[in-house]
Amino acid sequence: MAAVAPLVVRGPSRLLIATVLGALALGALWFILHNAWQYTHYNLQSYTDYYWPRRGALIPHITGGVIAISAGLIQLWLGLTNRVGVLHRTLGKVYVLGALLGCVGGYYMVLTIPAKYPVYAAGLFMLSTAWLITTSMAIVAIRYRNVAQHRDWMVRSYTVTFAFVTFRLIDQWLTRSHIAAGDDVDAIMAWACWSVPLLLAEPLIQLRKLRPGRASIRQRTLTT
């Protein structure tokens with residue numbers, strides 16, 4: 001008789017997870033209060049002349065982003081601490097819906113960006129594409145019951161989701177520092193806000209697998 005032993009994975013300490021997610025939560029809260037919240041006031045002054053004509057694209061993009069950022073934080077905590085019950089599955093669906101809404105809004109915004117900003121438009125298009133791909137891969141992985149791959153792809157997906165915060169935080173700092181013109185900073189950050197964090201996150205994801213004893217037993221067949 002043959003049986004397959006479950007996946008054995010030693011997760012990082014909960015203190016480390018809580019510290020990292022706490023820092024992400026502070027960044028998310030800053031973004032919601034200082035950037036996203038203004039769009040709850042549906043008027044020209046809040047949206048500015050640039051976004052008001054494109055509010056049909058901006059509203060779903062921002063709304064989906066806020067939903068995914070908020071639900072994703074809880075999802076990461078539950079997933080990384082192996083609390084994968086009903087709440088985890090329910091919030092997973094909420095996260096996916098938020099990401100999908102944000103992607104649709106992002107693609108729509110690309111079509112409305114003035115032609116004189118091609119680099120910014122291309123960056124937003126690729127951000128939406130990276131968001132769609134990473135989230136889709138997380139869904140596919142869990143459909144095949146590959147928890148380890150699902151967890152890795154969710155980390156990648158949330159890294160892209162957090163681009164909302166990364167973009168605003170660094171974009172405003174660079175603009176106030178007068179390092180470059182505002183349009184140039186926006187063009188740079190449209191790419192850097194998601195590609196650089198993904199580049200930094202990938203080695204961390206892979207290093208977890210190289211540590212002694214981590215996921216060393218993936219599948220073992222026992223014969224009795």
Side-chain angles (χ1 to χ4, degrees), residues 11-41 46-48 51 58-84 87-88 90-103 105-106 123-124 127-128 130-131 134-135 138 151-177 179 182 185-186 188-205 207-208:
S13 69
R14 291 190 178 184
L15 177 59
L16 177 59
I17 294 174
T19 301
V20 173
L21 294 185
L24 294 178
L26 289 176
L29 182 61
W30 172 86
F31 168 76
I32 292 172
L33 294 178
H34 292 274
N35 293 274
W37 186 256
Q38 72 182 70
Y39 300 116
T40 61
H41 304 288
S46 297
Y47 281 75
T48 72
Y51 283 117
L58 180 66
I59 291 174
H61 185 58
I62 292 292
T63 301
V66 170
I67 291 173
I69 287 173
S70 303
L73 276 173
I74 304 175
Q75 278 295 88
L76 287 178
W77 169 256
L78 294 174
L80 293 175
T81 56
N82 296 314
R83 300 177 182 182
V84 288
L87 178 60
H88 182 73
T90 301
L91 285 178
K93 296 175 182 178
V94 173
Y95 176 85
V96 170
L97 288 176
L100 180 60
L101 183 62
C103 286
L124 179 57
L127 184 153
S128 299
W131 202 7
T134 54
T135 305
R151 185 175 297 168
D152 290 347
W153 280 109
M154 274 302 300
V155 170
R156 296 182 184 104
S157 175
Y158 194 76
T159 299
V160 179
T161 299
F162 209 74
F164 282 88
V165 181
T166 307
F167 179 95
R168 291 298 179 184
L169 188 63
I170 302 180
D171 183 88
Q172 291 181 17
W173 174 73
L174 291 176
T175 301
R176 290 171 182 172
S177 300
I179 294 177
V185 171
D186 288 347
I188 293 171
M189 288 307 303
W191 288 89
C193 68
W194 61 272
S195 59
V196 174
L198 268 182
L199 180 64
L200 297 176
E202 191 59 32
L204 297 178
I205 292 173
L207 282 173
R208 291 181 62 248

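This one's a predicted model, so the numbers in the text were calculated from it and none came from an experiment. Basis for what follows: all heavy atoms, side chains included, without hydrogens, waters or symmetry-related copies.
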Novice: Restricting to pairs with a member in residues 159-169, which pass salt bridge (Lys or Arg N to Asp or Glu O under 4.0 Å), not counting sequence neighbours?
Specialist: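 Qualifying pairs, neighbours excluded: none.
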
Novice: Do you know the tightest heavy-atom contact between Ala36 and Ile62?
Specialist: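 Closest heavy-atom pair between Ala36 and Ile62: CB-CG2, 3.9 Å.
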
Novice: Listed by chain and number, what are the ring pair (Phe, Tyr, Trp, His ring centres under 6.0 Å) partners of His34, not counting sequence neighbours?
Specialist: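 Partners of His34 under the ring pair (Phe, Tyr, Trp, His ring centres under 6.0 Å) test: Trp30.
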
Novice: Could you tell me which residues satisfy side-chain hydrogen bond (donor to acceptor under 3.5 Å, both in side chains) with Thr81, sequence neighbours excluded, listed by chain and number?
Specialist: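 Thr81 satisfies side-chain hydrogen bond (donor to acceptor under 3.5 Å, both in side chains) with no residue once adjacent residues are dropped.
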
Novice: Picking from Thr161, Val96, Val94, what satisfies side chain to side chain contact (heavy atoms under 4.5 Å, CB included) with Ile67?
Specialist: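 Of the listed options, the one satisfying the test is Val94.
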
Novice: Evaluate the side chain to side chain contact (heavy atoms under 4.5 Å, CB included) criterion for residues Cys193 and Ile170: first the C-alpha distance (whole Å), next the side-chain angles of each, then the deciding distance (0.1 Å), finally the verdict.
Specialist: CA-CA 8 Å; Cys193 68; Ile170 302 180; over 6 Å; no

Novice: Only counting residues at least two apart or in another chain, list the ones meeting side chain to side chain contact (heavy atoms under 4.5 Å, CB included) with Trp191.
Specialist: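 Partners of Trp191 under the side chain to side chain contact (heavy atoms under 4.5 Å, CB included) test: Val119, Ala122, Met126, Trp194.
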
Novice: With sequence neighbours excluded, tell me which residues meet side chain to side chain contact (heavy atoms under 4.5 Å, CB included) with Ala138.
Specialist: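 So Ala138 forms a side chain to side chain contact (heavy atoms under 4.5 Å, CB included) with His150, Trp153, Met154.
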
Novice: Are the side chains of Asp186 and Asp171 in touch, meaning some heavy atoms are under 4.5 Å apart?
Specialist: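 SC-SC contact between Asp186 and Asp171 confirmed.
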
Novice: May I ask you to test the Ile69-Phe31 pair for a side-chain heavy-atom distance under 4.5 Å?
Specialist: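 A side-chain contact under 4.5 Å exists here.
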
Novice: Closest approach of Glu202 and Arg156, non-hydrogen atoms and distance?
Specialist: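 So the two residues come closest at OE1-NE, 2.7 Å.
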
Novice: Not counting sequence neighbours, which residues clear side chain to side chain contact (heavy atoms under 4.5 Å, CB included) with Val155? List them please.
Specialist: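 By the side chain to side chain contact (heavy atoms under 4.5 Å, CB included) rule, Val155 matches Leu76, Thr159, Ile205.
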
Novice: Look only at the side chain of Gln75 and the backbone of Tyr95, and say whether a donor-acceptor pair between them is shorter than 3.5 Å.
Specialist: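 A pair under 3.5 Å: no.
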
Novice: With sequence neighbours excluded, tell me which residues meet side-chain hydrogen bond (donor to acceptor under 3.5 Å, both in side chains) with Asp152.
Specialist: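 side-chain hydrogen bond (donor to acceptor under 3.5 Å, both in side chains) list for Asp152, sorted by chain: Lys209.
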
Novice: Please list, chain by chain and in numerical order, all residues satisfying ring pair (Phe, Tyr, Trp, His ring centres under 6.0 Å) with Phe167, sequence neighbours excluded.
Specialist: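 With sequence neighbours excluded, Phe167 shows a ring pair (Phe, Tyr, Trp, His ring centres under 6.0 Å) to no residue whatsoever.
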
Novice: Please list, chain by chain and in numerical order, all residues satisfying side-chain hydrogen bond (donor to acceptor under 3.5 Å, both in side chains) with Ser128, sequence neighbours excluded.
Specialist: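 Ser128 satisfies side-chain hydrogen bond (donor to acceptor under 3.5 Å, both in side chains) with no residue once adjacent residues are dropped.
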
Novice: Does any non-hydrogen side-chain atom of Val20 lie less than 4.5 Å from one of Leu16?
Specialist: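 Side-chain contact under 4.5 Å: yes.
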
Novice: Side-chain contact test, heavy atoms from C-beta onward, threshold under 4.5 Å: evaluate it for Thr48 versus Tyr51 and give yes or no.
Specialist: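 Counting from C-beta outward, Thr48 and Tyr51 do come under 4.5 Å.
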
Novice: With sequence neighbours excluded, give me every salt bridge (Lys or Arg N to Asp or Glu O under 4.0 Å) pair touching residues 19-34.
Specialist: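 Listed once each, the pairs would be none.
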
Novice: Who are the side chain to side chain contact (heavy atoms under 4.5 Å, CB included) partners of Leu73, not counting sequence neighbours?
Specialist: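 For Leu73, the residues satisfying side chain to side chain contact (heavy atoms under 4.5 Å, CB included) (neighbours in sequence not counted) are Leu21, Leu24, Ala25, Ala28, Tyr158.
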
Novice: Trp131 vs Phe164 aromatic rings, parallel, tilted or perpendicular, using cut-offs 30° and 60°?
Specialist: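 Trp131 vs Phe164 ring planes: perpendicular.
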
Novice: Let's go through Leu78 and Leu87 carefully: what are the C-alpha distance in whole Å and the side-chain angles of both, what is the deciding distance for side chain to side chain contact (heavy atoms under 4.5 Å, CB included) to 0.1 Å, and is it a yes or a no?
Specialist: CA-CA 9 Å; Leu78 294 174; Leu87 178 60; 4.0 Å; yes

Novice: What pairs with Gln172 under side-chain hydrogen bond (donor to acceptor under 3.5 Å, both in side chains), at least two apart in sequence or on another chain?
Specialist: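 Per chain and number, Gln172 pairs via side-chain hydrogen bond (donor to acceptor under 3.5 Å, both in side chains) with Asn35.
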
